[in-house]
2 protein chains.
Amino acid sequence: MATPLYQAKAEFFRTLGHPVRIRVLELLSERDHAVHELLAAIAVEPSNLSQQLAVLRRAGLVRQSREGGQVVYSVSVPEVRELLVVARRILVGVLDEQSALKQELTPGSAA
Amino acid sequence: MATPLYQAKAEFFRTLGHPVRIRVLELLSERDHAVHELLAAIAVEPSNLSQQLAVLRRAGLVRQSREGGQVVYSVSVPEVRELLVVARRILVGVLDEQSALKQELTPGSAA
DNA sequence: TCGTCACTTGCACACATCTTCAAGTGCAGT
DNA sequence: ACTGCACTTGAAGATGTGTGCAAGTGACGA
């Protein structure tokens, strides 16, 4: 066990820390997608998408398979969907708190 | 809403993508800790810890409060604990798969 | 076999993050 | 007021990531 668990965890979260990679995981957790489909949905250069897919592959989160002329990706760990849901919940909570705080400061409240 | 949700999500995950920050959140999700307590548990320079705490604060995940001579931190979003649990589950799954794959390749299996 | 589509890889530059040092703030005791 | 502890901040150098271009691979149809 060369890497302690908390370091593996950090690495794992870093893997998720990129907009394109998040989008890909969101799309793949709905259904499998060929690269050109992802490409149509995400608005990023092919080479860039490919790089991000490689990152996800290395992390073991997605799986690649050739089907005729195209390459199809699928999530290899179904719980990812759950993680994204929890993350959204937290995020919404945090953003709410922040905007509430902002409202507390912004208006000309002298009371 | 200048930032689309998937970008905010990516940012959020990047915030978690550091060993020290993960450790801090793990410790704080058990109970509140003063900085010197974290310092005793984590093995990192004070200034470095402070930097990482600042990152967590900016992200709205932890809260700071002065108590006498010391500064106490607490998680401001309880769901973080849940997120860490799900993350561990995924991580263990992925690592299992990877080591299984390794065993499939490593031994002198000619069959 | 040739061209084309679907992807991937290597590389180089720009940009962000991490780490540490040095200096600064705030509180408590003397 | 002064000293010391607890912590934070700023800044700089090293390191890591992201991006786009150019080139490469593989499958398919003409």
Side-chain angles (χ1 to χ4, degrees), chain A residues 3-4 6-25 27-28 31-76, chain B residues 2-4 6-25 27-28 32-76:
Chain A
T3 46
Y6 57 83
Q7 186 153 354
K9 254 187 223 174
E11 229 167 280
F12 170 70
F13 282 124
R14 257 205 330 257
T15 304
L16 300 181
H18 189 289
V20 170
R21 297 197 291 261
I22 289 286
R23 289 289 282 133
V24 167
L25 288 175
L27 290 167
L28 291 187
R31 62 170 179 82
D32 294 2
H33 281 72
V35 175
H36 63 91
E37 291 177 312
L38 294 173
L39 212 44
I42 297 186
V44 64
E45 295 234 343
S47 68
N48 194 342
L49 179 59
S50 216
Q51 300 275 10
Q52 308 311 332
L53 286 172
V55 172
L56 292 173
R57 244 185 295 136
R58 266 177 252 131
L61 294 177
V62 303
R63 219 188 292 277
Q64 196 185 33
S65 71
R66 207 165 242 290
E67 305 207 354
Q70 63 195 35
V71 178
V72 175
Y73 278 85
S74 53
V75 296
S76 51
Chain B
T3 47
Y6 58 83
Q7 187 153 353
K9 254 187 226 173
E11 231 166 278
F12 169 71
F13 282 124
R14 254 200 334 242
T15 303
L16 300 181
H18 189 289
V20 169
R21 297 198 290 264
I22 289 286
R23 289 288 283 135
V24 167
L25 288 176
L27 289 166
L28 291 186
D32 296 1
H33 281 71
V35 175
H36 64 90
E37 293 177 311
L38 295 173
L39 213 42
I42 297 185
V44 64
E45 296 231 344
S47 67
N48 195 342
L49 177 60
S50 216
Q51 300 274 12
Q52 309 309 334
L53 286 171
V55 172
L56 292 173
R57 244 185 296 137
R58 266 177 250 131
L61 295 177
V62 303
R63 219 188 291 278
Q64 197 186 33
S65 71
R66 208 164 239 290
E67 304 207 354
Q70 65 194 36
V71 178
V72 175
Y73 278 85
S74 53
V75 298
S76 51

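The sequence lines fix the lettering, A, B, ..., with proteins before strands; numbering per chain opens at 1. Small disclaimer: the values here were computed from a predicted structure and weren't measured.
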(message) Using the side-chain heavy atoms of A:Asn48, tell me which of these nucleotides is nearest: C:dC21, D:dT19, D:dG26.
(response) D:dT19
(message) For a quick check of understanding: with a heavy-atom distance under 4.0 Å over all strands, which category does B:Glu67 fall into, base, sugar-phosphate or nothing?
(response) nothing
(request) Check the distance between C:dT8's P and A:Gln64's CD and give it to me in whole angstrom. (result) 5 Å
(request) Provide, to the nearest angstrom, the distance between the NE2 atom belonging to B:His18 and the P atom belonging to D:dG16. (result) 12 Å
(request) Among D:dC7, C:dA6, D:dG18, find the nucleotide with the atom closest to the side chain of A:Gln52. (result) D:dG18
(request) Give a yes/no on whether any side-chain N or O of B:Tyr73 is located under 4.0 angstrom from OP1 or OP2 of D:dA6. (result) no
(request) Looking only at side-chain atoms of A:Ser47, point me to the closest of C:dT9, D:dT9, C:dC27. (result) C:dT9
(message) Please pick, from D:dT9, C:dC7, C:dT8, the nucleotide with the shortest atom-to-atom distance to any side-chain atom of A:His36.
(response) C:dC7
(message) Nearest whole Å is fine: how far is C:dT9 P from A:Leu53 CG?
(response) 10 Å
(request) Using a heavy-atom cut-off of under 4.0 Å over every strand shown, decide if A:Ala34 touches base, sugar-phosphate, or nothing. (result) sugar-phosphate
(message) Tell me the closest heavy-atom pair linking A:Arg57 and A:Ser50, and the distance in Å.
(response) NH2-O, 4.2 Å
(request) Taking all non-hydrogen atoms of both residues into account, name the closest pair between A:Pro19 and B:Tyr6 and its distance. (result) CB-CD1, 4.0 Å
(request) Mind listing the closest non-hydrogen atom pair of B:Leu25 and B:Leu56 along with its distance? (result) CD1-CD2, 4.1 Å
(request) Of all the heavy-atom pairs spanning B:Arg23 and B:Ala41, show the shortest one and how long it is. (result) NH2-O, 3.8 Å
(message) Here's a test of your reading of the structure: between A:Arg14 and B:Ala54, which maps to the more 5' nucleotide of DNA chain D?
(response) B:Ala54
(message) Less than 4.0 angstrom between a side-chain N/O of B:Arg21 and OP1 or OP2 of C:dC18, yes or no?
(response) yes
(message) How close do A:Tyr73 and A:Leu28 get, counting heavy atoms only, and between which atoms?
(response) O-CD2, 3.5 Å
(request) Please determine, for the side chain of B:Gln51, which listed nucleotide (D:dA6, D:dG10, C:dC7) has the closest atom? (result) D:dG10
(request) Using whole Å, report how far CG of B:Leu49 lies from P of D:dT9. (result) 12 Å
(message) Can you identify which nucleotide, out of C:dT8, D:dA27, D:dT8, has its nearest atom closest to the A:Val71 side chain?
(response) C:dT8
(message) Between P on D:dT17 and CZ on A:Arg58, what's the gap in Å once rounded to a whole number?
(response) 10 Å
(request) May I ask you to evaluate whether A:Arg66 reaches the phosphate of D:dG26, defined as a side-chain N or O under 4.0 Å from OP1 or OP2? (result) no
(request) Of all the heavy-atom pairs spanning B:Gln70 and B:His36, show the shortest one and how long it is. (result) OE1-NE2, 3.0 Å
(request) Choose from D:dG26, C:dC21, D:dT9 the nucleotide whose nearest atom is closest to any side-chain atom of B:Glu45. (result) C:dC21
(message) What is the separation between atom CD on B:Gln70 and atom C1' on C:dT25, rounded to the nearest whole Å?
(response) 17 Å
(request) Return the value, rounded to whole Å, for the distance between atom CZ of B:Arg57 and atom C1' of D:dT9. (result) 10 Å
(request) Ignoring the backbone of A:Pro46, work out which of D:dA27, C:dT8, D:dG18 is nearest its side chain. (result) C:dT8
(message) Classify B:Glu37 by what it touches in the nucleic acid, base, sugar-phosphate, or nothing, heavy-atom distance under 4.0 Å.
(response) nothing
